[in-house]
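Computed from heavy atoms alone, side chains included, the values below leave out hydrogens, waters and symmetry copies.
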Amino acid sequence: MMVIVVENAPPRLRGRLALWLAEIRAGVYVGVFSARVRERIWEEVRMLIGDGNAVIVWSASTDSGFAFDSIGGNRREPADIDGLTVVRFKPPTEPHPA
């Protein structure tokens, strides 16, 4: 199984994803595909995401049972810690007012 979540995605990309996957909520797409098809779909997302952002998660034989990748501006990013992929937060880009 795989899940793709997009934010601020162009309508062309959203329509493309809706052809391959079930849109269970606005911007949340779910499907079951082989690794080869999953990589092809993710490549389409990379090419069409524009100024938006996206994350993909899929079933994998890891300690957590899944793997994921992301693209675009988002404070959350994958980080590998001793073979376990966790989510790390980037620092805010704007300083907080004093």
Side-chain angles (χ1 to χ4, degrees):
M1 174 178 273
M2 72 174 197
V3 177
I4 296 177
V5 179
V6 297
E7 294 178 325
N8 301 322
R12 181 177 180 197
L13 173 59
R14 293 181 62 132
R16 204 81 175 252
L17 288 172
L19 289 174
W20 299 314
L21 307 163
E23 187 174 14
I24 60 171
R25 288 268 213 217
V28 180
Y29 301 87
V30 179
V32 179
F33 292 98
S34 67
R36 184 175 181 175
V37 174
R38 180 188 72 237
E39 290 167 7
R40 177 67 178 119
I41 292 171
W42 187 238
E43 186 59 33
E44 289 282 327
V45 173
R46 287 181 176 280
M47 290 188 312
L48 298 173
I49 194 64
D51 293 332
N53 65 71
V55 64
I56 182 173
V57 60
W58 64 92
S59 301
S61 58
T62 63
D63 288 341
S64 58
F66 63 90
F68 66 98
D69 192 9
S70 63
I71 187 170
N74 194 311
R75 287 192 53 213
R76 293 173 181 87
E77 66 182 2
D80 186 292
I81 299 179
D82 295 329
L84 181 64
T85 304
V86 297
V87 177
R88 172 175 54 195
F89 282 86
K90 297 179 200 174
T93 56
E94 299 176 9
H96 290 250

- line: Between P10 and L48, the two heavy atoms sitting closest are CG-O, 3.1 Å
- prompt: Between E44 and L13, what is the shortest heavy-atom contact and its length?
  reply: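 Closest approach of E44 to L13, heavy atoms only: O-CD1, 4.3 Å.
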- request: For residues W42 and M2, determine if any side-chain heavy atom of one lies less than 4.5 Å from a side-chain heavy atom of the other.
  value: no
query: Does D51 reach the side chain of N8, with side-chain heavy atoms less than 4.5 Å apart?
result: no
Distance (rounded to the nearest 0.5 Å) between [X] [atom1] and [Y] [atom2]:
X	Y	atom1	atom2	answer
E43	M47	CD	CE	5.5 Å
L21	R38	CG	CZ	12.0 Å
F33	R40	CZ	CZ	13.0 Å
I4	W20	CD1	CH2	8.5 Å

field: Side-chain donor/acceptor of D69 to backbone N/O of I56, under 3.5 Å
entry: no
query: Given a cutoff of under 4.5 Å between side-chain heavy atoms of I, L, V, M, F, W and Y, with clusters grown through shared members, what are the other residues clustered with V5?
result: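 Members besides V5, by chain and number: M1, V3, I24, V28, V30, V32, V55, V57, F66, F68, V87.
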